[in-house]
Amino acid sequence: MDSQERVWKPYRGPFDPCPPIPYKTYVVPPNLFIPFQPPGLPQFPLNEALRAGTLWPALYSPYESKAGKGGVKG
Amino acid sequence: MWVYEKKLQYPVRVSKCDVRMAKYLLEQYGGADGELSAALRYLNQRYTIPDKVIGVLNDIGTEEFAHLEMIATMVYKLTKDASVHELEAAGLGANYAQRDHAMFYQNAEGVPWTSAYIQAKGDPIADLYEDIAAEEKARATYQWLIDMTDDVDLQDSLKFLREREIVHSLRFKESVQILIDERDKKRIF
């Protein structure tokens with residue numbers, strides 16, 4: 001599947017007070033590309049489906065934290 | 001009527017003592033685009049929507065309460081053992097002054113929940129479009145919350161909730177399509 005991320009470049013002013021962010025991103029999740037879910041789509045095994053939050057890989061949208069992975073298990 | 005299952009829809013584990021996140025998570029508890037708003041919005045709209053899509057509002061509205069419970073669990077775990085000093089440092093001092101460690105339906109800035117956050121226009125298309133927008137806003141809120149913590153376990157539960165918003169958004173889109181198509185003949189699904 002295509003990337004679920006889109007990139008755009010914000011305008012950079014000559015007198016911006018802060019270090020510029022070169023580009024910004026936003027997410028285009030798979031629901032935007034499915035007008036009506038067709039029958040018989042492949043399904044995750046149940047334990048994976050719970051983890052993914054959906055029964056269908058076609059609807060799955062991964063998202064990674066900008067804070068990265070820390071925490072106890074990290 | 002509802003049947004209650006005494007377990008969470010998805011496990012909530014919080015591995016990092018980070019009271020700060022509790023305050024931010026309140027956005028999804030009692031915020032405009034939070035789970036309480038979602039549940040009450042959908043369950044109220046279902047009475048006056050064409051009967052073909054009542055079930056969608058009923059099911060999703062019910063699931064939102066399961067999400068509300070997950071958020072409550074996160075906030076509770078993050079605050080239950082916090083000292084007054086820690087709560088104050090996390091910006092929850094005013095909350096302590098009002099209600100000790102109790103939670104309340106308020107957003108991340110402490111603004112109490114209001115029914116003015118939600119709408120019922122009585123027009124099925126207008127109502128469903130509001131619901132689609134609400135799901136996308138909740139998805140975005142979850143992204144920002146995931147960005148704000150490096151606790152992988154908390155991230156894991158929030159990622160589940162985010163994915164549910166995506167599925168719900170699609171279901172509302174399909175509901176709109178059902179109302180547009182109108183016919184009972186040839187369904188694409």
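By convention in this document, chain letters (A, B, ...) are assigned in the order of the sequence lines, proteins followed by strands, and residues within each chain are numbered from 1. Here the structure is a predicted model, which means the values were calculated and not measured. FYI, side chains are in, hydrogens and waters are out, and symmetry mates aren't considered; it's all heavy atoms of this structure.
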Option in [options] with maximal non-hydrogen atom pairs under 4.5 Å from chain A:
options                                : result
B:Lys173, B:Gln143, B:Arg139           : B:Gln143
B:Leu145, B:Val167, B:Asp147           : B:Asp147
B:Met148, B:Arg171, B:Arg162, B:Glu136 : B:Arg162

Region of B:Gln9 that comes under 4.5 Å of a non-hydrogen atom in chain A: backbone
At a 4.5 Å cut-off on heavy atoms, which part of B:Asp18 comes close to chain A: side chain, backbone, both, or neither? neither
Do any N or O atoms from the side chain of B:Ser37 and from the backbone of B:Ala32 form a donor-acceptor pair under 3.5 angstrom? yes
Donor-acceptor pair, distance only, cut-off 3.5 Å: does the side chain of B:Asp151 make one with the backbone of B:Asp153? yes
Would you indicate whether B:Tyr4, at its atom OH, is surrounded by more than 12 heavy atoms from other residues, nucleotides or ligands within a distance under 6.0 Å? yes
Whether the B:Gln106 and B:Asn95 side chains hold a donor-acceptor pair (N or O, under 3.5 Å, no angle test) is what I'd like checked. yes
Would you call the rings of B:Trp2 and B:Phe65 parallel, tilted or perpendicular, where under 30° means parallel and over 60° means perpendicular? perpendicular
